[in-house]
Amino acid sequence: ADGKSGAIVEVNCETDFVAKNEEFRAFAAEVAAVVVRDNPADLAALGAAQLPSGGTVEARRIALVQKIGENMTARRFARRVAAGRLASYVHGVRIGVLVDVTGGDDTLGKDLAMHIAASKPLAVDRTGVAADVVERERGIAAARAAESGKPANIVEKMVEGAVAKFLAEVTLTGQAFVKGDGKQTVAELLKQKGAVVNGFTMYVVG
C-alpha cells in the first residue's frame, strides 16, 4: 500500500478451476504478504513462516490440498523494495509484474507494468541483458551475414545492426510503448515524463 515494498509469488495448482477458487487466491495473497513482512531466504523458510491468519504457510498448504483435493505448491517468490515507487499488474492469473519507477505518476507505473506483461522484456536496458545472450545473438547474426558474401567491413556492420535491433526488441527502454502509436519507445516516454525505471520483476506461470 505504501508503494515501497512488495512481493510477487507464483503458487501452482493443477487446474484453472482451482486457480479461480477464492480460498486458493486468498492463500496466494497471504503468502505474498508474508514475503513482504519476513523477507524469507528461500522456499523452506517461507513454508515455516507464520501466516497473518494463523498457522504456517506449509500447514495451510497441506490443509488446502486435503480440502480441495488438488496438489498446490509455492514455486518461487521475489521481494522488491523500491528506490522510487512500486506499481503492479496481474494479467488473469498467469502473468504478474512489479515495477519500480522514480518520477512520473501512478498511471505511468501501471502502464509500464502492463507493457512489461505484454512485451516481456528481458531487462530494463542493454546493460541488464546477460553477456551470453548477446553473444549467442551475435553468433547467429554473424552466420547469417557471412552467407551474404559481402565484404568483411559490411558484414561487421550487418552484425552490429542485427545485435542493436535484437537489444531494442528485448529491453524495456528499447521497445515501442504498447499503449502508444507504435512510434514512441519506452525510453522516449520516460524522458517525456521525467521518470526512470529502476527495475522490474515479471513472473509467467510455469
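- No continuous path of hydrophobic side-chain contacts links V99 to V35 [ILVMFWY only; heavy atoms under 4.5 Å].
- When all heavy atoms of A195 and G103 are compared, the closest pair comes out as CB-C, 3.8 Å.
- Minimum interatomic distance between V155 and A146 (heavy atoms only, all atoms of both residues): CG1-N, 4.5 Å.
- One distance of note links CZ of F177 with CD of Q184; it measures 7.5 Å at 0.5 Å rounding.
- Sorted by first and then second residue, the side chain to side chain donor-acceptor pair (under 3.5 Å) pairs with a member in residues 141-161 read R138-E160; sequence neighbours excluded.
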R61 and E58: CA distance, side-chain angles, deciding distance, salt bridge (Lys or Arg N to Asp or Glu O under 4.0 Å) verdict: CA-CA 5 Å; R61 183 192 74 81; E58 180 61 8; 2.8 Å; yes
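- In this structure, the separation between CD on E188 and CD on Q192 is 9.0 Å, given to the nearest 0.5 Å.
- Of the residues listed (V36, V31, L43), the one engaging F77 in a side chain to side chain contact (heavy atoms under 4.5 Å, CB included) is L43, and it is the only one.
- Heavy atoms only, all atoms of each residue included: V205 and E10 are closest at CA-OE2, 3.6 Å.
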Steps toward side-chain contact (heavy atoms from CB on, under 4.5 Å) verdict (L167, V134): CA-CA 8 Å; L167 287 169; V134 177; 4.1 Å; yes
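- Side-chain contact of S53 with E30: a donor-acceptor pair under 3.5 Å is present, judged by distance alone.
- Listed here is the closest heavy atom pair of G6 and L86: N-CD1, 3.3 Å.
- Between the side chain of D38 and the backbone N or O of P40 there is no donor-acceptor pair closer than 3.5 Å.
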side-chain contact (heavy atoms from CB on, under 4.5 Å) between I8 and M202, intermediate numbers included: CA-CA 8 Å; I8 183 166; M202 178 186 67; over 6 Å; no
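- Residue L98 comes nearest to S88 through the heavy atom pair CD2-CB, 3.8 Å, listed as atom of the first residue, atom of the second, then distance.
- Separating the CZ atom in R136 from the CZ atom in F166 is a distance of 7.0 Å, to the nearest 0.5 Å.
- Taken to the nearest 0.5 Å, the CZ atom of F24 stands 7.0 Å off from the CG atom of N12.
- In this structure, the side chains of N71 and E14 come closer than 4.5 Å at one or more pairs of heavy atoms.
- Side-chain atoms of R79 and T201 include no donor-acceptor pair closer than 3.5 Å.
- Across all non-hydrogen atoms, the minimal contact from Q50 to V34 is O-CG2, 3.6 Å.
- Among the candidates D2, D100, D106, the single residue satisfying the salt bridge (Lys or Arg N to Asp or Glu O under 4.0 Å) test with R85 is D106.
- Rounded to the nearest 0.5 Å, atoms CG (L112) and NE2 (H115) are 8.0 Å apart.
- There is a side-chain donor-acceptor pair under 3.5 Å between E70 and T15.
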Check against side-chain contact (heavy atoms from CB on, under 4.5 Å), V197 and L190: CA-CA 8 Å; V197 173; L190 290 169; 3.9 Å; yes
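- Rounding to the nearest 0.5 Å places CD1 of I116 at 12.0 Å from CD1 of I95.
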